[in-house]
Amino acid sequence: MSIRLATGGRLIDRNSTVKFTFNGKSMTGADGDTLASALLANDQMLVGRSFKYHRPRGIVASGAEEPNALVNLGQGAHHEPNQRATTTELFPNLIATSQNHWPSLEYDIGALNGFFARYLTAGFYYKTFMQPRAFWKHVYEPFIRQSAGLGKAPDPETRDPDIYEHFYAFVDVLVVGGGVAGLQAARAAGESGAKVLVLEQTAFWGGRAPVDGGEIDGLSPDDWIKKTVQALEAMPNVTLRTRNMGAGVYDHGYVLGYERLTDHLANTRGPRHRLWRIRARQVIAATGAIERPISFAGNDVPGVMLASAARDYLINFGIAVGRKTVVVTNNDDAYRTAIALKKAGQDVPVVIDAREFGGGALMQEAKALGIRVETGRAIAKVKGGKRVTGVALCAMAGGGAMVEEIACDAVAMSGGWSPVVHLWSHCGGKLTWDDEQSFFRPDSSKAPTGADGQAFVVCAGAADGHMHLRYVLQDADLKGKGVAVSLGCDRPQTTLPTAPDSVETPLMPVWLMPANAWDDLRMKAWLDFQNDVKVSDVQLAAREGYESVEHTKRYTTLGMATDQGKLSNINGLATLAASLGEDIPNVGTTTFRPPYTPISMGAIAGEARGEIFQPLRKTPLHDWHEANGAHWEPVGHWRRPYCFLRDGEDVEQAVHREVLATRNSLGLLDASTLGKIIVKGPDAGRFLDMLYTNMMSTLKPGKCRYGLMCSENGFLSDDGVVARIDEDTFLCHTTTGGADRIHAHMEEWLQTEWWDWQVYTANVTEQYAQVAVVGPNARKLLEKLGGMDVGKETLPFMGWVDGTLAGFPVRVYRISFSGELSYEIAVPAHLGRAFWDKVLEAGAEWDATPYGTEALHIMRAEKGFIMIGDETDGTIIPQDLGLHWAISKKKDDYLGKRAQARSHMTDPERWQLVGLETLDGSVLPDGAYAVAPGNNANGQRNTQGRVTSTYHSPTLGKGIAMGLVRHGPDRMDEVITFIGDDGETEHKARIVNPVFFDPEGEKQNV
Amino acid sequence: MLTFECPCCGAHADETELHAGGEAHIKRFGPGASDDDFEGYLFTRENPKGVHFERWRHVNGCGKWFHAARCTMTMEVFGTYPAQTFQPPKDLLDKITEKRPGWSWRDLS
Amino acid sequence: MSQLHGIVTVAHTSTYAFECITPETDEPDSSPMKRYSAFAIAREAFSGHKNWDRAWRKAQPKKRYDVVIVGAGGHGLATAYYLGKNFGITNVAVIEKGWLGGGNTGRNTTIIRSNYLQDPSAAIYEKARSLYETMSQDLNYNVMFSPRGVMMLAQTEHEVRGYLRTAHANALQGVETRFITPREVKEIVPIINLAGPRYPVLGALWQERAGSARHDAVAWGYARACSAMGIDIIQQCAVTGVLQEAGRVTGVQTTKGDISCEKLGIVVAGHSGDLANMAGFRLPLESVPLQALVSEPIKPIMNCVVMANTVHGYMSQSDKGEMVIGGGTDGYNGFTQRGSFHHVEETVRALIETFPMLSRLKMLRQWGGIVDVTGDRSPILSKTPLEGCFINSGWGTGGFKAIPGSGWGFAELMAKGHSPLTEEFSMSRFREGKFIDESVAAGVAH
Amino acid sequence: MSDPVLPLGSASFDGLVEVREIGPQGMITLRGDLSAPEVIAAVTDLAGLEMPGLRGANTAGDTGLLWMSPDELLLLVPYRQAPAAVDRLTAALDGQHVLIVNVSDMRALFQLRGTQLRDVLAKLAPVDFAPEALPAGELRRTRFAQVAAGVWLLDDTTARVFCFRSVAGYMFSLLSTVADPDSQVGFHVK
């Protein structure tokens, strides 16, 4: 059993206890505990269930590499699944529950899977569940999904109450990792004057050194760390951040820092997480190393733990993970755990050393303390189910014949160490196999390169494969100085910290224990604890030809759990290599993908949530709309009123009212969103002649002309009215969606194709509020406002004039998109609301009626005007829409002209715009297709046209529609059949002229 | 996450301040051009593995278009230059040759 | 698997070696494929699973084949499979530079749907979807096709109109879709936030028989079935040249020697440009990075695929419980299998608006692929200027869902010289201006 | 004629920094050859300020010259003087190829003040806000979160930020959110 000892624990404050609950059971920890150490202090060995077999799982590690101790944290809106207990700092009233079991952690039905383990091998899914076909969806898959999945989902109906933010930081040197290597590297770089940022993922500086012991500059690691941190804090050019993890490295020196600001606090204010987006000229990854488990039967039983973790819990938290702890190792380091436990008064029945002659000085020290050491031996299997009860000792060389059973309640294992090379690899850094130490280390000749083609990441200390304190510090100092020099700073004069040399006996790679373990043992020797991948699974994958490490990984799911294989990748790779009879480096390594450990989606989204999820563009009249029943329609980032709902009305009624009020008297439209672009210069006319399909250079000052724009690929992209202001100035109106797009389009052609033309453009869309005054009484209203002559002669249709109305400086365009007498009035935006109010007040006598986009659409459709986005969809050329009148024959070039000459564009079979009327006056379904006889070669019904816009016309009291029909204009009065979306219902419609209302244009020309 | 120095305003621009504009130095073909030339102009692209010349617009910035020489395999940026030119500056070509001997792109090398 | 070649080999000082258990099976022909079944598993269990055959033979190239397919991704393997199955052409080699299924087949978000607007797209994607329904049985390999339904949210009036149009088109194309109400949306996807706040859900285009499948299994299943037909799958073999005589293809040069063939199929996605250069023609293609990500696994909460195109994000939940999320493509050419982080950011913030519960989940892993995109974002399945040489490329972000249909049609094109499924996807469309543009309906591409 | 109304009616927020919507500010866009002596003479004479260099922002009160791009200058003048100033410039540059337009109503302008200024700005824009990277008097056009914006510092604790009028509300919410008193960073200011 694991207990809190009476003394020890450098990170905890025994005097301040912290209450928390696990699976409803209230427990007590100490301030400074992690959830994991607190659970161990309460002898909570069993913390979860594995993914596939639902095997009992205990804490294996003490840090980010933990694969088992994942809990549901918090409740209600604060609930968060899959929290790693080993990196969760304990806080008062923390609530945790274990995952992936039913009905309870102790008694899990899913554990039945374990009894079928012999059948549920790697890839078994692929070989069965195929018959009968329907069963996969309805029986097999639901079962598989239910038994997988780990944590409980957050409540979909609550919103995350926390806030998040981003932060952009630019530094010369980013040091990731605040262990002794990171601190020394930072100091060396800092001394050079470079701007340095140091990130440490935990709440403490110093990393493993204080636990592993030793001496630096004659000081204890703890004292040296304190001294060094103080020195760094004193440097103005150095910034230190704890609880901030280097999560990912991307191109051009971009690094993500995941800062957890309030996760360790009970009550929180301010952002919970801050995602740092760091641009670093150089990155020093001092990310340390991770200990490897050993693959022996039963290495997944709760109580089997990494030797380094057992040491961490003892020294950092004053916890003995067992009263009798067996240590099993292939290297010297694990003896430190045995020695520490012994010195803490705990029983260490035996150290099992796979090496024939065991280790060096540390082994002798252990023996001197009276610890039994068995060399050339191995663990055949671990006894126990939900807890370790003992181990079976056997010869390393054999297949697992037990020579002795040793009782114990914990096993501390060490299979050697692997440098944390994730950050090195994220952006393309390559690895090399270090045969002597049996791990992959960074290949400094194949480093990630940045914008300048130079290497921008170096690894320092253990992350670079230096495993002893003395050499860790040497390497870190070297790397820190080297980086400073590479940045053009003077070589710093820091003195290299000294640590006593320590000679250790080399480790012996052990990828399976015992070396030729029998089948039944291999089937119980875990590689991936969370995903339940065993040595036998990897061997099976190899046997079946899944030889690439990527194949094996995907076939067995090795390393694809939430720990991303931090403990399992190397052991799995070695097992694969051995199975293939290959050398490990020939088999290769898997790709490391960001993030290093999972980061919250909330942090990724940052401040962009709720109101500021996206920009919301508002016209100067937006607030009036809001206050007057606007039923909004998103148009790009704008919101435009679809209609204005008056008391009790539904949308349809409102639109009906707005159309009739406008046709019969007076309507008002907020047209501010329409694009307004000034084009000026001696070549302005020539330029617009290239941009528009029709001739703009011949337009007279004071006049307006409707124009079409096409892409160079020939397709209609925008339309609008162009007003000529003076000899070399034009003002181009675009659609609401077109303003920025078309301005960019203009600048692109001016800057990159016709840069010698003398033209300047300015997008002045937002300088103005624009109000359309529409209807038979429009002129009366303007005359009432007074200040300028808007009579038929001075301001004829398609003319514009500057002046003042009711004292407002205005520009009035007499243009119409509704077929009514209509003026569009532009006033400076800051005056827009006042002008609107004035117009409403003056228009009251004519029941001036604000209308929305739907009434606008209906009225333009009644007149047969096309709408970009309805009649066009990116595949339509002006010729399809009968707009030949707007395509200049005189011009030998305009954007899109050559494209429109391609064979398919001139094909007479192209569908053409027509009007459509149902025989019974009903409304044609939106988007319906007209069928032609027969099917095509792929068995699809042949078609001959489609509906592009369809409405009920309040003016005409019947359904009207526009559509594209093969040879349409030549088929007037012909009746064709449209099919409903059920594939059956027929809608007969007659082909008619698209101008349904006032074909002579008498109303707009009065 | 790429960065480029805008040759027009000198700012060190982040990818998110820029708009990628595709292949650079494409000759326009208009009315009268052959089907081949026109198809090539609109659609055929180099898509090289290695040195590439491309267009970017400093859209959240000075608003200017510029050209960049970049390696599509390593993301190394060899240099940027204004868009008002028919081919890359000599010193940039020399720099690329120095870093990528034997490189070629269309008729450049 | 480029890192494989990046590794410096170090002389291996032997440790306790254990027995090498890979059978050396280089003999060209194969024994009949052992069927997979629950019974087979039970049987093998008693021999400790020691007697399973290789899923596919380890083949060395012969001097000559009737057909050589370059690229052992899903599309290449499916092409080979249907050449054998539908046309009896089994003297076929599939040549792969890396490992089979190691490209985009194994790094996509596994969405399978056919609710396309344009007839040619609907035809090939619906063919693919229907083949997916029976694929596990056809291949005797469980590809876990899960017809859980795909939903495309309409969040603007414009999208509503676009999807209504698609629904009408699908009805005539024999593709089962329907436009559903917000209430139905909420019933199918309880975790969705209908209210917006920015883009309230106005409805959705729902294809009930669409879904997803286990991507690796599709490649592995085809590979196993091809191998069983005697088709050679040659991995770790790069094509270095295309051999031709008098405008006709005669074979390929590879790192494992020259291989002659009657017909050559190029199915190499992002690398199509290289192969086209070797064959002497050019393509309207660009290769850009595309990204995807998964959350940590949670218990099942979402039983269909949701695509929200207004906010540019889509999401589903894998059988493992991970929320699988697709991001956007970068705007620039790139061949590194990583992209720019801001796409991930845009996608995640959009999906949090749509599914607020996502905010407290964590991103487990993000990765990138290289997608080859054409001028109209639709694929090319076509003859080429080089006689006997065919190309299948340009699937952009929509390749996985098309694999069986693409293989079916491309095999027919290669065997017979024409196929109704591939007709409209010819290279010539760019010259004629006869595009297949799927982005027109509410801006939904692939 | 009624008084001009700002997009947010002079909104303000107090947090890590004080955020205040200011204006109305007269603004004139001038596009032309910024190296032409006539142009330089016309604008410096009008503003009474030095011609700004690359990315320069020479301002005094509500008068100023902002370098927007190689061929674009933004002139700041008192709001009500803008129309007259446009006429004066137009006359002065008669015959030159220039574009001069009054854009006084097109943007929203915010003033940020406080010691935490650089840290607050660094939450929104992918820009190095270190004093040596962005000294007072230099204009940086960039994006703030998801919208285009321009920012320049008057002194070490005062900045001016402008964006388009339609997103004034978005910008103000952004600035208020990241200026939350409980969200201090301590990077630029230790």
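A quick note: this is a predicted structure, and the numbers were derived from the prediction, not measured. Below, chain A is the first sequence line, B the second, and so on; all start at residue 1.
For chain A, the option among D:Gln146, D:Arg165, D:Glu72 with the highest count of heavy-atom pairs below 4.5 Å is D:Arg165. With chain A as partner, the option from D:Leu121, D:Val178, D:Val127 having the largest number of non-hydrogen pairs under 4.5 angstrom is D:Val127. The greatest number of non-hydrogen atom pairs below 4.5 Å with chain A, out of D:Ala133, D:Ser104, D:Gly169, is found for D:Ser104. When each of D:Leu6, D:Asn102, D:Thr29 is checked for heavy-atom pairs under 4.5 Å with chain A, D:Asn102 comes out on top. Of the listed residues A:Arg279, A:Lys195, A:Arg833, A:Glu259, the one with more heavy-atom pairs under 4.5 angstrom with chain D than any other is A:Lys195. Here A:Val238 is the residue among A:Thr673, A:Val238, A:Thr765, A:Thr619 with the most heavy-atom pairs under 4.5 Å with chain D. Chain D forms the most heavy-atom pairs under 4.5 Å with one residue out of A:His622, A:Glu747, A:Arg277, and that residue is A:Glu747.
Here the two rings, on D:Tyr170 and A:His637, have centers that are 6.0 Å apart or farther.
Note that CE of D:Met27 and CD of A:Gln767 are 10.5 Å apart. Values are rounded to the nearest 0.5 Å. The line from OH of A:Tyr168 to CG of D:Asp128 is 13.5 Å long, rounded to the nearest 0.5 Å. Note that NE2 of A:His830 is 12.0 Å distant from CG of D:Asp3, once rounded to the nearest 0.5 Å. A:Ile612 contributes atom CD1, which lies 9.5 Å from atom CG of D:Leu175 (distance to the nearest 0.5 angstrom).
Nearest approach of A:Phe170 to D:Phe187, heavy atoms of both residues: O-CZ, 4.2 Å. Considering every non-hydrogen atom in both D:Asp180 and A:Gly270, the closest pair reads OD2-CA, 4.5 Å. When all heavy atoms of A:Arg617 and D:Val167 are compared, the closest pair comes out as CG-CG1, 3.7 Å. Of all heavy-atom pairs between A:Glu165 and D:Val185, the closest is OE2-CG2, 4.2 Å. When all heavy atoms of A:Arg269 and D:Asp182 are compared, the closest pair comes out as NH2-OD2, 3.1 Å. Shown here for D:Asp105 and A:Ala829, the closest heavy-atom pair between the two residues is OD2-N, 3.3 Å.
The contact between D:Ala125 and chain A is made entirely by backbone atoms, counting heavy-atom distances below 4.5 Å. Heavy atoms of A:Tyr164 lying under 4.5 Å from chain D are absent altogether. Neither the backbone nor the side chain of A:Asp683 comes within contact range of chain D, judged by heavy atoms closer than 4.5 Å. Contact annotation for A:Leu616: only backbone heavy atoms (N, CA, C, O) come within less than 4.5 Å of a heavy atom of chain D. Looking at A:Val759, only its backbone comes within 4.5 Å of chain D, counting heavy atoms on both sides. Interface remark: A:Thr761 contributes backbone and side-chain atoms alike to the contact with chain D (heavy atom separation under 4.5 Å). Only the side chain of D:Tyr79 comes within less than 4.5 Å of a heavy atom of chain A; its backbone N, CA, C and O stay farther away. In this structure, the portions of D:Val103 lying under 4.5 Å from any heavy atom of chain A include both its backbone and its side chain. If you measure heavy-atom distances from A:Ile163 to chain D, the contacts under 4.5 Å come from the side chain alone. Neither the backbone nor the side chain of A:Lys838 comes within contact range of chain D, judged by heavy atoms closer than 4.5 Å.
Counting non-hydrogen atoms of neighbouring residues, nucleotides and ligands closer than 6.0 angstrom, the CZ atom of D:Phe164 reaches no more than 12 such neighbours.
In this structure, a donor-acceptor pair under 3.5 Å is absent between the side chains of D:Thr177 and A:Glu607.
Using the six-membered ring where Trp is involved, D:His97 and A:Tyr760 have ring planes that are parallel, under 30° apart on the 30 and 60° scheme.
A donor-acceptor pair is defined here as one N or O able to donate and one able to accept, closer than 3.5 Å; no such pair exists between the side chain of A:Arg274 and the backbone of D:Lys123. A:Glu766 places a side-chain N or O within 3.5 Å of a backbone atom of D:Ser166 that can act as its donor or acceptor partner.
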